[in-house]
Amino acid sequence: MGILEERADLAGKVAIVIGGAGGLGRAVSLDLARAGVDVALCDIDVDAITETEALLIGIGVRHIARQVDVMDLAALGAFFVDFDQTFDRLDILVNVVGGSTWLDFGDTSRETWDRDLRKNLVYVIHSTFEGVSRIRAAGRGGSIVNFTTIEASRARPGAAVYAAAKAGVENFGRSLAVELAPENIRVNTVAPDNTPTPHMATITPPARFRPTGSRTDLRPRAARMQIPMGRTGTTEDVSNCVLFLASDLARYVTGTTVRPDGGTWASGGWINWPGIGFSPSPPNPILERLFPDPDAPG
Ligand SMILES: NC(=O)c1ccc[n+]([C@@H]2O[C@H](COP(=O)([O-])OP(=O)(O)OC[C@H]3O[C@@H](n4cnc5c(N)ncnc54)[C@H](O)[C@@H]3O)[C@@H](O)[C@H]2O)c1
């Protein structure tokens, strides 16, 4: 065993991954399994569950994979009871499910607010409650990793309720981390930025909220300027962070946020203009084209 495996001490542990079959969740489930962790996952997408389950069988860890809509809290609770039928300990809980309605605030409604809050915040509280009781019962400490987003700590025009819910997840975790620290139960969040997943390709934001609009082919080009490292994230970039937080490599890390975002959060609006370099404001030729008459109002 190499120094990383030895210090990580993941092999033989048991994880629950909520939303563990598709997108970033699949990468997390598979990477935990490759590290020797038994995986219980739930997801809403039956096809994704079938595909991920086949991959878990190939890796050879113990697993269960169930269809659950996490917005149905009774079904989510039943999944944890189901988990107890197969596993007698829980070490790691990862809450991945999330997603936003992308609309002008004036076009949102009680239904969209309710959906965004339930899909991003409410289920995380329920899932964490169930997870903590099981980690506590096993008495060996553990790790909880919740997914937020870069927008938990910066604005997201067109998705204010999503941003609020994710900010809630971050501070829920921070507070709980302190409360649970004496029991060696760690709580952290992962805040990705732009990481293409099949789901993301289906999202078409209102044009005024994204310069590339529905031109998904232009998004990698935009990333070259928007993201200091010049590229979008990969699912592995994100699951690497979850592996770290889940493992004993992070045994003294709690109440914090890890940001697989290529430096975007740190850049705080500084753009890497080609041939010019980093600047928070547009280069002169663009300003002159956008505002040809310097004395025009507005
Ligand atoms: N991909 C990104 O660029 C990005 C950026 C920032 C934050 N995030 C956050 O990362 C997390 C994962 O994002 P993703 O791009 O993989 O999204 P995704 O839509 O692919 O969701 C991940 C998994 O959750 C499942 N899921 C969705 N709704 C569910 C429900 N109601 N019940 C059970 N399972 C459900 C999906 O089927 C999928 O397998 C989310 O919390 C998202 O907000 C993603």
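Keep in mind that this is a model prediction, so the values were computed, not measured. Just follow the structure's listing: the first ligand is 1, and inside any ligand the first atom is 1.
- Inclusion of Val96 in the set of residues having an N or O under 3.5 Å from an N or O of ligand 1 is warranted.
- If you look at Thr197 next to ligand 1, the close heavy atoms, those under 4.0 Å, all belong to the side chain.
- Nearest non-hydrogen protein atom to atom 21 (O) of ligand 1 is Gly98 O, 4.5 Å.
- Checked by distance only, ligand 1 and Asp193 come closer than 3.5 Å through their nitrogen or oxygen atoms.
- Contact annotation: for Val68 versus ligand 1, heavy atoms closer than 4.0 Å belong to the backbone alone.
- For the pair Gly22 and ligand 1, the shortest N or O to N or O distance falls below 3.5 Å.
- Among Thr52, Leu32, Ile64, the single residue meeting the side-chain contact (heavy atoms from CB on, under 4.5 Å) criterion with Val39 is Leu32.
- Protein heavy atom at the shortest distance from atom 20 (O) of ligand 1 is His199 CB, 3.6 Å.
- Here the protein heavy atom with the shortest distance to atom 32 (N) of ligand 1 is Val70 N, 3.0 Å.
- Those atoms of ligand 1 with a heavy atom of Phe147 less than 4.0 angstrom away are 10 (O), 11 (C), 41 (O).
- Across Val37, Asp38, Val14, a single residue satisfies side-chain contact (heavy atoms from CB on, under 4.5 Å) together with Asp91, and that is Val14.
- Here the protein heavy atom with the shortest distance to atom 34 (N) of ligand 1 is Ile44 N, 3.2 Å.
- Residue, atom and distance of the protein heavy atom nearest to atom 38 (C) of ligand 1 are Asp43 OD2, 3.5 Å.
- Two residues are said to be in side-chain contact when any heavy atoms from C-beta on lie closer than 4.5 Å; Ile92 and Leu10 meet this criterion.
- Atoms of ligand 1 lying under 4.0 Å from any heavy atom of Leu24, numbered from 1 in the order shown and given with element: 1 (N), 10 (O), 12 (C), 13 (O), 16 (O), 44 (C).
- Considering Val96, Thr148, Asn240, Val145 in turn, Val145 is the only one that fulfils the side-chain contact (heavy atoms from CB on, under 4.5 Å) rule with Val190.
- Within the 4.0 angstrom cut-off, atom 16 (O) of ligand 1 has one or more protein heavy-atom neighbours.
- For atom 28 (N) of ligand 1, the closest non-hydrogen atom of the protein is Lys119 CE, 3.5 Å.
- At the top of the distance list for atom 1 (N) of ligand 1, counting protein heavy atoms only, stands Thr195 O, 2.9 Å.
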